[in-house]
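What follows is a short report on a single structure.
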Amino acid sequence: MHARGINYVHKYKEGNMLEFDIGLYFYEQLCKFLEDEKNSDWKDEKFAPSQPKLVTAIVRKKELRDKVDVNFDGHVSMLEYLLYQYRSVANPADFVTRSM
């Protein structure tokens, strides 16, 4: 809604993909959330895999394009984000093999 300038909920069409610029915004907001002192409970070690590293927009955009967007459609889906963020515990190849 923020990216398209939509202020009214009834004009919002729900989806499951983000364009790269909004993907950058998502990571930025996630990092800002974790930096805020009132959210210090989320900085616990048990949430470490869920915490993105703070990098510049250029580095993040290259990372999104090269590593996160697995089907190269110019969008970042929630599944692509989750597979990338939890790549240490959820290997996509294992994910596909186990589902067969």
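What you see below is based on every heavy atom in this structure, not just the backbone, and it leaves out hydrogens, waters and symmetry mates. Keep in mind the model is a prediction, meaning the values are calculated, not measured.
- Val68 is connected to Met78 through a chain of hydrophobic side-chain contacts under 4.5 Å among Ile, Leu, Val, Met, Phe, Trp and Tyr, so both are in one cluster.
- In the hydrophobic cluster analysis, where Ile, Leu, Val, Met, Phe, Trp and Tyr join through side-chain heavy atoms closer than 4.5 angstrom, Val89 is grouped together with Tyr81.
- Taking 4.5 Å as the limit, some side-chain heavy atom of Leu54 sits within range of a side-chain heavy atom of Glu35.
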Extract all donor-acceptor atom pairs below 3.5 Å that involve side chains of residues 43-52 and protein atoms in other chains or at least two apart in sequence.
{"unit_1": "Asp44", "atom_1": "OD2", "unit_2": "Lys46", "atom_2": "N", "d": "3.3"}
{"unit_1": "Ser50", "atom_1": "OG", "unit_2": "Tyr86", "atom_2": "OH", "d": "2.6"}
{"unit_1": "Gln51", "atom_1": "NE2", "unit_2": "Trp42", "atom_2": "O", "d": "2.6"}

Taking distance alone, no hydrogens or angles, what donor-acceptor pairs closer than 3.5 Å link side-chain atoms of residues 56-64 to residues at least two apart or in another chain?
{"unit_1": "Thr56", "atom_1": "OG1", "unit_2": "Val59", "atom_2": "N", "d": "3.4"}
{"unit_1": "Arg60", "atom_1": "NH1", "unit_2": "Glu63", "atom_2": "OE1", "d": "2.9"}
{"unit_1": "Arg60", "atom_1": "NH2", "unit_2": "Lys53", "atom_2": "O", "d": "2.3"}
{"unit_1": "Lys61", "atom_1": "NZ", "unit_2": "Asp21", "atom_2": "OD1", "d": "3.3"}
{"unit_1": "Lys62", "atom_1": "NZ", "unit_2": "Asp66", "atom_2": "OD2", "d": "2.8"}
{"unit_1": "Glu63", "atom_1": "OE1", "unit_2": "Tyr84", "atom_2": "OH", "d": "3.3"}
{"unit_1": "Glu63", "atom_1": "OE2", "unit_2": "Tyr84", "atom_2": "OH", "d": "2.9"}

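- At a threshold of 4.5 Å between non-hydrogen side-chain atoms, the residues Lys32 and Tyr27 do not count as touching.
- Going from atom OG of Ser40 over to atom NZ of Lys38 covers 11.5 Å, rounded to the nearest 0.5 Å.
- Phe33 and Tyr25 are assigned to two separate hydrophobic clusters, defined by single-linkage of ILVMFWY side chains at heavy-atom distances under 4.5 Å.
- The hydrophobic clustering, which links ILVMFWY residues whose side-chain heavy atoms are closer than 4.5 Å, places Val55 and Leu34 apart.
- The closest side-chain heavy-atom distance from Asp69 to Glu80 is below 4.5 Å.
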